[in-house]
*Asks:* 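Following this message is one structure expressed as C-alpha cells.
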Amino acid sequence: MSQGIAHRRRRRRSPLGSRWTPYIFLAPAAAYIILFQLVPLVQEIYLSFTKTSLLNPSHSVWVGFDNYVAAFQSDTFQQTLLVTLVYVVVCVLGSVGIGLLVALLLNSRFPGRGIARALVTIPWAAPGIAIALIAVWMLNAQYGVLTRLLTSWGIDVGDSGVLNNPDLALPAILITTIWQLFPFTAVVLLSALQSVPEELVEAAHMDGANRWWSFRVVTWPVIKPTVGLIAVLMAIWSIRRFELIWLMTRGGPLGSTRTLVIDLYSQAFDSKQLGMAAAIGMVGIVISLIIVVGARLITTAAERNS
Amino acid sequence: MKTRARFGVTFRMLAVLVVLGVVAFPLYWMFVTALTGDEALFSGTPQFLPDLSRIGVFADALAQGDVLRWLLNSFIVATGTMVVAIAFGIPLAYALSRFSFAGKFLVALALFFTQMLPEALLVVPLFAIFRETGLLNSLLGLILADAAFVLPVVALILMGAFNGIPREVDEAARVDGARPAGVLFRILVPLITPAIAAGAVIAFFTAWNEYVFAVTFIYDKELQPASVGVAGYIGEQDTSIQTIMAVALIFTLPAVAFYLFAQKYVVAGMTAGAVKG
C-alpha cells in the first residue's frame, strides 16, 4: 500500500503530467459540442444540397447547388438579404455608438455611479420574449403608449399600427434590438475605459487639449481593440437573432422585417422546405465568416501600418 | 472653474437619468399596465401611475392556468443547463488556460465559431436527433440543447478567470505533488468562484429566456417552459392584458433581479471572457 503511494508520488512529480492530460480535460466538452453543434451543422450543410420535406425527411433528393441558385434568383430572398444587411449594420452602429456614449458617461464622476452602472444592464437581463410582448403592447394600434406618442408628434402610423406598417416595422424592431443590446456594449466598453490611465487624460487636459482631442489621442487607442471586438460580436449576434423579430412581426409586413434567420425558420416550419432553409442558414454563416475574417484582415493591416 | 465643474456634474446626472429612464421604462410600463383598470387602460389618455389597489392581479396571474407549472419547468431547465454547462465548462477552460497542446488553436477557433451558429438553423437537425433518441418533448433534451449553446460562452468566461491567476500558484502545488485534477479542484476552482458564479448566472438565464428550442422541441402543454407560455400571449384575446403583463413581469423579474445582484461578477467574467478570449 505505502509502496504504491510512493510509486504514484514519484510519477506525480512530473510538473506537466502526461501529454494526454489536456485532452482528458478537453474531451467531455469537445465531445459534447461536436455532438450537439458540429454534427447538426454538418447535417445542415448536407441538407442544403438536397430537396427535403419536413413532413418526410428520410426521403431527400440530392440537387446540388439548386437551392442556392433558386434563392439568389428570387426577389424575396434579395429583399431578405437587404433587410439583413440593414438590420446588422444599424444594430452594430447603434449598439456600439450608443454603448460608447453611455460608457463614457458612466465612466465620468457623479454621485450614484455604482447604482447607475448596475441599473443600466436591465435590458440585457430581461428575456427577449417579455420584451417582444411589452413592445407589441406599447405599439398597439389603438391603446399603445408609443403609438399615442408618435401620433402626437404628427407621425401617422396608420390604422393597423406601427408593426403592420411596412415603412415603420423595421425601424421599430431596430430600436427595440438596440435598446436590448447597447447595455452590453456599454458595460464591456466601460471596463475597457477603466484601463485608460487617468494621469494621461489629465496630462492632456493640462496641456490645453479639449475633450475631443484627449479622447482621440489618449482614450481611443486604448479602447480601439475592444470596440472592434464588440462590433464583430454584435454583427454575428445580430445575424443570429431570432425571437424578438419572430414574435413581433414574424418577418412581415410584406417581408419588411424578414432577416435570414426568420426566412430560414419559416422555410423549414411553414413551407416545410428543409433543404432551402438549410441553404439560407449557410448563407448567414458565410456572411458571419466574411465579417469575422474581414475584421481580422483590417486589424492586421492596421497593425502593420502603425 | 468651479461652477463649470458643478454644471458638468448636474448635466451628467441628467443624462444618466435619461438613460436609466429609457432603459427601465418598458418594464415600468409592464408594471403600470398590469395595475391599471380596464376603463383607464382603454380610455383616451394613458395612465402613467399604477393603481396599487389592484396589486392582487399578481396573485391572480399565478393562479391563472398553467403559470406555476411553466415557471417550474423553466426553473428545472435553467438549473439543468447551468449544471451541465459548468460541469463541462470548467475542465475545458482549465485545459485551454493551463496547457499547451496540439490543436489548441483549433479548439479556441471552434468555440468562437459556435457564436455564429443560429439556433434557428440547428433546431432542425437537433429535432431529428432528439426524435430518434427519445429526447424530444422532454426537459432533458431541452437542457442538453440549451447547454450546448451556452457552454462556449461559459468556457470563455472561466478561461479568462483562470488566465487571471498566476501560473506560479498551481505550479507550486504541482511541485508539491498534486495531480492536475487536484490542482484544478482544490486550488484553482476555489479561486475563481466569482467567475463560476457569473458563468452559472449566464447559463441559468440563457436557458430561462430561451425560446426557439423550447417552442420546437416541447409539444406537451405540461412540459412547456414559461418563455413559450408567455410568448403564446402575443396576439391572444382571451386573457386580459393586465394578467398577461403580470405573468410577463413575474417571468422577467427573477432574471433582472438576479443579474443586478450578480452583475459585478457577470460583467467582470463576461469582459474577461469577451476581451481576452
Side-chain angles (χ1 to χ4, degrees), chain A residues 9 12-13 15 17 21-23 25-26 28-29 32-33 36-37 40-41 43-44 57 102 105 108 110 116 118-123 125-134 136-138 143 145 148 183 187-188 191 226 229 236 240 242-243 247 261 264-265 268 274 277 281 284-285 288-289, chain B residues 9 12-13 15-16 19-20 23-24 26-27 29-30 33 41-42 46 88 91-92 94-95 99 101 107 114-122 124-126 128 144-145 148 151 155 171 174-175 177 179-180 209 211-212 227 230-231 233-234 241 248 251-252 255-256 259-260 263 267 271 274-275:
Chain A
R9 189 166 290 160
R12 280 185 217 159
R13 278 284 157 83
T21 311
Y23 297 106
F25 286 102
L26 192 71
Y32 186 47
I33 289 178
F36 283 89
Q37 303 225 289
L41 176 66
Q43 288 181 330
E44 281 294 281
V102 171
L105 184 65
S108 62
F110 60 88
L119 289 180
V120 82
T121 53
I122 285 175
I129 300 95
I131 291 167
L133 188 77
I134 185 66
V136 167
W137 168 241
M138 287 167 82
Y143 311 111
V145 64
R148 282 168 174 161
V187 158
V188 172
S191 85
T226 312
L229 186 97
I236 61 181
R240 252 175 77 171
F242 176 79
E243 74 212 1
L247 293 174
V261 174
L264 97 81
Y265 193 81
L274 295 187
I285 292 177
S288 298
L289 276 173
Chain B
V9 169
R12 263 178 252 153
M13 288 197 69
V16 169
V19 170
L20 293 183
V23 155
L27 292 191
W29 200 244
M30 249 183 200
T33 305
L41 203 57
F42 301 114
F88 284 88
L92 173 61
Y94 177 57
F99 297 91
F101 53 90
V107 174
T114 61
Q115 295 300 300
M116 295 178 208
L117 299 179
E119 291 86 341
L121 179 73
L122 297 195
V124 173
L126 283 174
L144 292 174
L151 172 58
E171 264 158 24
R174 286 260 184 86
V175 170
R179 314 183 92 195
N209 298 349
Y211 172 71
V212 193
S227 59
V230 171
Y233 282 137
I234 295 180
I241 188 81
F251 169 60
T252 304
V256 172
Y259 257 101
L260 289 184
Q263 87 120 22
V267 169
T271 47
V275 179

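Per chain, numbering begins at 1; letters A, B, ... match sequence-line order. Heavy-atom basis, side chains included; hydrogens, waters and symmetry copies ignored.
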*Asks:* List the atom of B/P125, the atom of A/E44, and the distance in Å for their closest heavy-atom pair.
*Replies:* CD-OE2, 3.1 Å

*Asks:* Apply side chain to side chain contact (heavy atoms under 4.5 Å, CB included) to residues A/L26 and B/F99 and explain how you reach the verdict.
*Replies:* CA-CA 10 Å; A/L26 192 71; B/F99 297 91; over 6 Å; no

*Asks:* B/A255 and A/A125: which non-hydrogen atoms are nearest, and at how many Å?
*Replies:*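 Here B/A255 and A/A125 meet closest at CB-O, 3.6 Å.
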
*Asks:* For a quick test of reading the model, state the closest non-hydrogen atom pair linking A/A130 to B/A248 and the distance between them.
*Replies:* CB-O, 4.4 Å

*Asks:* Top residue by heavy-atom pair count (under 4.5 Å) with chain A, among B/I234, B/L126, B/V256?
*Replies:*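 Max contact count across the listed options: B/I234.
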
*Asks:* Pick one of side chain, backbone, both or neither for A/I122, based on which atoms fall under 4.5 Å of a heavy atom in chain B.
*Replies:*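 It is both, since atoms from each part get that close.
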
*Asks:* Distance from B/M116 atom CE to A/L41 atom CG, nearest 0.5 Å?
*Replies:*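 Taking CE in B/M116 and CG in A/L41, the distance rounds to 11.5 Å.
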
*Asks:* A/L247, A/L274, A/L119: which one forms the most heavy-atom pairs within less than 4.5 Å of chain B?
*Replies:*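 Most heavy-atom pairs within the cutoff with chain B belong to A/L247.
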
*Asks:* So do the side chains of A/F25 and B/P180 get within less than 4.5 Å of each other, counting heavy atoms only?
*Replies:* yes

*Asks:* Name the region of A/P57, side chain, backbone, both or neither, that has any atom closer than 4.5 Å to a heavy atom of chain B.
*Replies:*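 Side chain only.
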
*Asks:* Please classify the contact between A/A268 and chain B as side chain, backbone, both or neither, with a heavy-atom cut-off of under 4.5 Å.
*Replies:* side chain

*Asks:* Examine whether an atom of A/I33 lies under 4.5 Å from a heavy atom of chain B, and if so say whether it belongs to the side chain, the backbone or both; otherwise answer neither.
*Replies:* side chain

*Asks:* Count the heavy-atom pairs under 4.5 Å between each of B/Y259, B/Y233, B/Y94, B/W29 and chain A, then report the option with the highest count.
*Replies:*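 Ranked by contacts with chain A, first place is B/W29.
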
*Asks:* Hey, what do you get for CZ (B/F251) to CG (A/L133), rounding to the nearest 0.5 Å?
*Replies:* 10.5 Å

*Asks:* Parallel, tilted or perpendicular for A/W137 and B/F42, by the 30°/60° rule?
*Replies:* perpendicular

*Asks:* Please give me the minimum heavy-atom distance between A/P127 and B/T252, naming the atom from each residue.
*Replies:*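 Heavy atoms of A/P127 and B/T252 come nearest at CD-CG2, 3.6 Å.
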
*Asks:* Counting only non-hydrogen atoms closer than 4.5 Å, does A/V120 touch chain B with its backbone (N, CA, C, O), its side chain (CB onward), both, or neither?
*Replies:*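 Both parts, backbone and side chain.
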
*Asks:* Which atoms of B/L151 come close to chain A, meaning under 4.5 Å heavy atom to heavy atom: side chain ones, backbone ones, both, or neither?
*Replies:* side chain

*Asks:* Taking it one step at a time, do B/L122 and A/F36 satisfy side chain to side chain contact (heavy atoms under 4.5 Å, CB included)?
*Replies:* CA-CA 9 Å; B/L122 297 195; A/F36 283 89; over 6 Å; no

*Asks:* Is it the side chain or the backbone of A/T121 that comes within 4.5 Å of chain B heavy atoms, both, or neither?
*Replies:* side chain

*Asks:* Below 4.5 Å from any heavy atom of chain B, which atoms of A/Q37 appear? Answer side chain, backbone, both or neither.
*Replies:* both

*Asks:* Indicate the ring-plane relationship of B/F88 and A/Y32, choosing parallel, tilted or perpendicular according to the 30° and 60° boundaries.
*Replies:*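 Judged by the thresholds at 30° and 60°, the geometry between B/F88 and A/Y32 is parallel.
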
*Asks:* Taking side chain as everything from C-beta outward and backbone as N, CA, C, O, which of these in B/V230 sits under 4.5 Å from a heavy atom of chain A? Side chain, backbone, both or neither.
*Replies:* both

*Asks:* Output the distance between atom CZ (A/F110) and atom CZ (B/R12), rounded to the nearest 0.5 Å.
*Replies:* 8.5 Å

*Asks:* Donor-acceptor check, side chain of A/R240 to backbone of B/E119, threshold 3.5 angstrom: yes or no?
*Replies:* no

*Asks:* On a heavy-atom basis, which atom in B/P118 and which in A/I285 lie closest, and how many Å separate them?
*Replies:*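 Closest pair (atom of B/P118, atom of A/I285, distance): CD-CG1, 4.2 Å.
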
*Asks:* Tell me which of these, B/P91, B/A145, B/A155, B/A15, has more heavy-atom pairs under 4.5 Å with chain A than the rest.
*Replies:*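 Heavy-atom pairs under 4.5 Å are most numerous for B/P91.
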
*Asks:* Work out which heavy atom in B/Q115 is nearest to a heavy atom in A/I236; give both atom names and the distance.
*Replies:*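 The pair with the smallest heavy-atom distance is CB-CD1, 4.1 Å.
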
*Asks:* May I ask you to test the A/Y143-B/I241 pair for a side-chain heavy-atom distance under 4.5 Å?
*Replies:*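 Not touching, per the 4.5 Å side-chain cut-off.
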
*Asks:* Can you tell me which of A/P28, A/A132, A/A277 forms the most heavy-atom pairs within a distance under 4.5 Å of chain B?
*Replies:*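 Most heavy-atom pairs under 4.5 Å with chain B: A/P28.
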
*Asks:* Are any non-hydrogen side-chain atoms of B/L121 and A/V261 less than 4.5 angstrom apart?
*Replies:*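 They are not in contact (no side-chain heavy atoms under 4.5 Å apart), so the answer is no.
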
*Asks:* Is there a side-chain contact between A/P123 and B/L27 in this structure, where contact means two heavy atoms from C-beta onward sitting under 4.5 Å apart?
*Replies:* no

*Asks:* Once rounded to the nearest 0.5 Å, what's the spacing between atom OG1 of B/T33 and atom CD1 of A/I134?
*Replies:*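 Between atom OG1 of B/T33 and atom CD1 of A/I134 there are 5.0 Å.
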
